[in-house]
Structures are given as C-alpha cells and as structure tokens.
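Data first, discussion second: the structure below is written as structure tokens.
Heads up: numbering here begins at 1 and tracks the sequence.
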Amino acid sequence: MTGKEIRKETKEAVLSSDRDLQKQQHKLADGQPGVWETNPYRTHPQLLMDMDRIIREIAPLPEKARMEQIRKLADSDQKLNVRLVNDFAFRRVFHNKKALTGLLAALLDIPTEEIVDLEFLDPFQQGDYTADKEGILDVKVHLNHERKINIELQVRQQSYWKERSLFYLSRMYTSDLTSGTEYSALEPCIHISILTFDVLELDRLYLVVRLIEEKTSKVYSDKMSLRVLYLNKINTADEKEQQTEVYQWARLISAGDWKLLEEMAMQDEYKQQVVGEMERINSDRTLRYQYITREIEQLDRNSMRKDYIDQGIKIGEERGEKRLFALMDRMTAAGEGDRFRLLKDDPEALKRKYREYHL
C-alpha cells in the first residue's frame, strides 16, 4: 500500500468515525430534549473515548487534511473531553481569578480569604497563544504583603527542569530591581511546577523547597522558594496526603472525564469555577479549535520522541540525548517540527542546527 493510499484510508476512517459518533449521539439523546445543552456532564463515556480516538486519527493526516478535520470537529456539536493537562486549557481556565484563588490557597496552604487580589503579569489573549508561553502562568498575588508567583504546567519530560525552574524563579525575583531600588523592596517569589514526571526521586505528591541552613534547617530567606506538584503520584499518595486540598486539586487537574469533573465541582465554589471554564472551552468554537490543535501538537511531539528513540537517533550518552531532545523541542516550538524529521539522514545539518539553536 502506498503512502497516498494509507493517508486516504486514514482520512476515510476519521470521517467514518465522525459520522458514527454523530449517529450515536443523536440516538442516545433521543427522547431527552436538550440533554446535551442542559447538562454538559451527562455525556456517554463511549462517546468521549471515540472523541479521543478521532483526535488521534486526525494527527497523522497531511497538513491540509488535518486542518480541515480540526475545523470540522471544532465546529461540530460533539462534546470534547477537555483536560487541564492540555496547556492551552490550563492557562485559559486559571485566568479565572476565582478558580486560581482556590488552587493557590491549596498550594500555599493559606485560607482563600488571605488572597486579596490577583494580578496577571501575562494577560491571556484569546487567539494569541505562543509556544514559548505554553503551560506558564505568571501572576502577582496580593496578600497581607505582595508576592509574585510563577505557575508552570509541564506534561512532557524535560531534562533540565531544575535549572529551568531556578531560571524562572531568579528572573522573577530580580525583574523589579532597578537602579536606586532598595534590596529590601524585592518581593517574595515562588515558582510552582505541576509535573507528570519526577525531578527529585521522592515518593511524595507535593514538595516545598526552600533556602535553608544545612545543619539546623533554619530558613535562610523566605523570599525565594519552589513548590512541586507531581500529578503522576496521585495513585500512590498515602492516606495523609489524600486528606489534603492539594490532593483534591491534583485530581481535578488530572481529571479525564466529565463525570469526575461534575463530582469535583460539587466540592466548593472554586472548583465549580474551574469546571465552568472547562465547559466554556467546550462550547466556544474558537476555543475548541485551539484546544484540539494543542492536543494534536502534543501527540505529534510524543510520537516524534518515540520515533527517534526507536530508530536509535539519540546519541548514546545521556548528555547527547538531552541535547537532541532540547533541539527537537525548540524546533517544534519554532514551527520546524517537520524539518527536524529530516535531520536523521544528515549529520552535518544536525550539527548546523545545534549551532543555530546554541546547543
């Protein structure tokens, strides 16, 4: 079978799945007027599984056919299985101040009443979403005193995450330092990582990292700290961790179906705001388009990583592997993902790209 025939068959499968899904949806809704509009959570699980399958089948299509199918899916009335581990959804949802207040109160272990106001340092503009801001949320929290917080969601394995988080924390801490400014005026800064992979090999759901004196563990300064939430440790969290609000928020961020979201929305008004924003993404065609596009980009990146590992393209030593993956990430973010695929057959071009991206 030729490549052209394979692509044609894949496209036909997508269209067929699309038609079957519409038939199932109408059949299930028969006799229940307005069920899809009046209760967004009452979506049949199989429909959402089929929806995920359709997105996976769209991903390998040629660019023109892919964009066609993304637009068609975005414009349809079919319910998307919106997840917060999609970085577009994460940033969009948590630009809702009430939703973010609930999350921050849990992560900072303070009452919500202490959060007087939130000032977003990176205003989210619909339709103005760039790769360099994926999963990043910069916010200033007005408590009894000022505090700047950088929240970063990352679902893809990153080789130098500790260095990256320290870079963002340091840049945030010194960003307001100008000539004549007193050092005492520097505001406390916190970098929060929400990850699906390990940075420190510790069997805990949530870590708080501070600057401390080694022997006494006395805090050297409370103006710089890091927090790490491991979404990949939800199922192994001990009984004590499961009693915390952090655990409940980790479950919400990881939730993969509307039934669980409905249950969690009943816990409090802050989680209800989160679920409401997720439904807003599902009901707005422009937001649906952006969400689906990000889902497919994530599938592309995962597939690309697997391809290069399977084909033995990675350099044997750990440093070489990290360098190759860093190049892949930067080229993908710059819209050169397809060109990266060609480098496996051209070692000299690979070297030139390393120099071009300063790796």
Side-chain angles (χ1 to χ4, degrees), residues 100-119 121 135-154 157-251 253 318-319 322:
L100 184 58
T101 294
L103 175 63
L104 287 178
L107 294 175
L108 301 178
D109 193 24
I110 60 175
T112 55
E113 294 75 19
E114 282 194 28
I115 300 177
V116 179
D117 191 23
L118 300 171
E119 176 189 345
L121 306 179
I136 301 174
L137 198 63
D138 293 311
V139 62
K140 181 181 286 188
V141 183
H142 297 266
L143 305 171
N144 296 327
H145 52 278
E146 300 292 333
R147 191 182 298 190
K148 287 188 292 187
I149 295 176
N150 173 265
I151 306 176
E152 191 163 7
L153 170 76
Q154 184 55 258
Q157 180 78 41
Q158 293 283 336
S159 301
Y160 296 101
W161 187 261
K162 285 183 284 189
E163 291 81 0
R164 175 179 172 134
S165 60
L166 287 171
F167 169 75
Y168 275 110
L169 179 62
S170 301
R171 188 174 68 174
M172 181 167 45
Y173 184 61
T174 59
S175 62
D176 294 331
L177 186 62
T178 57
S179 179
T181 302
E182 294 288 339
Y183 288 112
S184 60
L186 290 173
E187 298 169 344
C189 294
I190 300 172
H191 182 276
I192 299 174
S193 302
I194 300 177
L195 309 175
T196 61
F197 55 90
D198 289 343
V199 175
L200 293 176
E201 297 297 327
L202 296 173
D203 191 24
R204 294 209 304 275
L205 177 71
Y206 189 54
L207 308 180
V208 178
V209 182
R210 302 180 188 276
L211 293 172
I212 63 169
E213 195 282 320
E214 185 175 331
K215 291 186 178 180
T216 63
S217 295
K218 186 174 181 179
V219 176
Y220 178 78
S221 171
D222 62 356
K223 289 206 169 184
M224 296 179 74
S225 65
L226 302 101
R227 314 285 171 108
V228 184
L229 177 61
Y230 288 127
L231 300 180
N232 57 319
K233 296 185 182 297
I234 293 175
N235 294 331
T236 58
D238 60 32
E239 189 174 341
K240 184 177 180 180
E241 286 180 316
Q242 291 180 29
Q243 304 306 313
T244 65
E245 267 298 295
V246 169
Y247 175 77
Q248 295 302 323
W249 279 95
R251 288 181 67 220
I253 295 171
E318 184 181 1
R319 182 179 176 184
K322 291 177 179 178

(request) Kindly compute the distance separating CD1 (Ile253) from OG1 (Thr196), expressed to the nearest 0.5 Å. (result) 12.0 Å

(request) Mind listing the closest non-hydrogen atom pair of Ile234 and Ala250 along with its distance? (result) CD1-O, 3.3 Å

(request) First locate atom CD of Glu114, then atom OG1 of Thr101, and finally report the distance between them rounded to the nearest 0.5 Å. (result) 12.5 Å

(message) Counting only heavy atoms from other residues, nucleotides and ligands, does the tally under 6.0 Å from CD of Glu213 exceed 12?
(response) yes

(message) Between Glu241 and Lys233, does any NZ, NE, NH1 or NH2 come within less than 4.0 Å of an OD or OE carboxylate oxygen?
(response) no

(request) For residues Trp249 and Leu104, determine if any side-chain heavy atom of one lies less than 4.5 Å from a side-chain heavy atom of the other. (result) no

(request) Verify the neighbour count for atom CG of Asn232: are there more than 12 heavy atoms of other residues, nucleotides or ligands below 6.0 Å? (result) yes

(request) Mind listing the closest non-hydrogen atom pair of Glu187 and Lys140 along with its distance? (result) OE1-CE, 3.6 Å

(request) May I ask you to test the Gln243-Tyr247 pair for a side-chain heavy-atom distance under 4.5 Å? (result) no

(request) Determine whether Phe167 and Leu169 make a side-chain contact, defined as any pair of heavy atoms from C-beta on separated by less than 4.5 Å. (result) no

(message) Evaluate Leu200 against Tyr230 for side-chain contact (heavy atoms from CB on, under 4.5 Å), listing each step before the verdict.
(response) CA-CA 10 Å; Leu200 293 176; Tyr230 288 127; 4.1 Å; yes

Side-chain donor-acceptor contacts of residues 220-228 below 3.5 Å, not counting sequence neighbours, with atom names and distances?
{"unit_1": "Ser221", "atom_1": "OG", "unit_2": "Lys223", "atom_2": "N", "d": "3.1"}
{"unit_1": "Lys223", "atom_1": "NZ", "unit_2": "Ser184", "atom_2": "O", "d": "3.1"}
{"unit_1": "Lys223", "atom_1": "NZ", "unit_2": "Leu186", "atom_2": "O", "d": "2.6"}
{"unit_1": "Arg227", "atom_1": "NH1", "unit_2": "Leu107", "atom_2": "O", "d": "3.1"}

(message) Are Leu177 and Tyr183 packed together at the side-chain level, in the sense that at least one heavy-atom pair is separated by less than 4.5 angstrom?
(response) yes

(message) Could you report the tightest heavy-atom contact between Ala237 and Gln242, atom names first, then the distance?
(response) O-NE2, 2.8 Å

(message) For a 4.5 angstrom cut-off between non-hydrogen side-chain atoms, does Lys148 reach Tyr173?
(response) no

(message) Using only atom types and a distance under 3.5 Å, with no angle test, would you say the side chain of Thr216 pairs donor to acceptor with the backbone of Lys218?
(response) yes

(request) Measure the shortest side-chain to side-chain distance between Ile192 and Leu229 over non-hydrogen atoms and say whether it is less than 4.5 angstrom. (result) no

(request) Could you tell me the separation between the CD1 atom of Ile110 and the OG1 atom of Thr112, rounded to the nearest 0.5 Å? (result) 8.5 Å

(request) Report yes if some heavy atom in the side chain of Leu108 is under 4.5 Å from a heavy atom in the side chain of Ile190; otherwise report no. (result) yes

(request) Kindly compute the distance separating CZ (Arg164) from NE2 (His191), expressed to the nearest 0.5 Å. (result) 7.5 Å

(request) State the OH-CD distance between Tyr168 and Glu152, to the nearest 0.5 angstrom. (result) 5.5 Å

(request) Answer yes or no: is there a side-chain heavy-atom contact under 4.5 Å between Leu166 and Glu163? (result) no

(message) Which heavy atom of Ala105 sits nearest to which heavy atom of Pro111, and what is that distance?
(response) CB-C, 4.4 Å

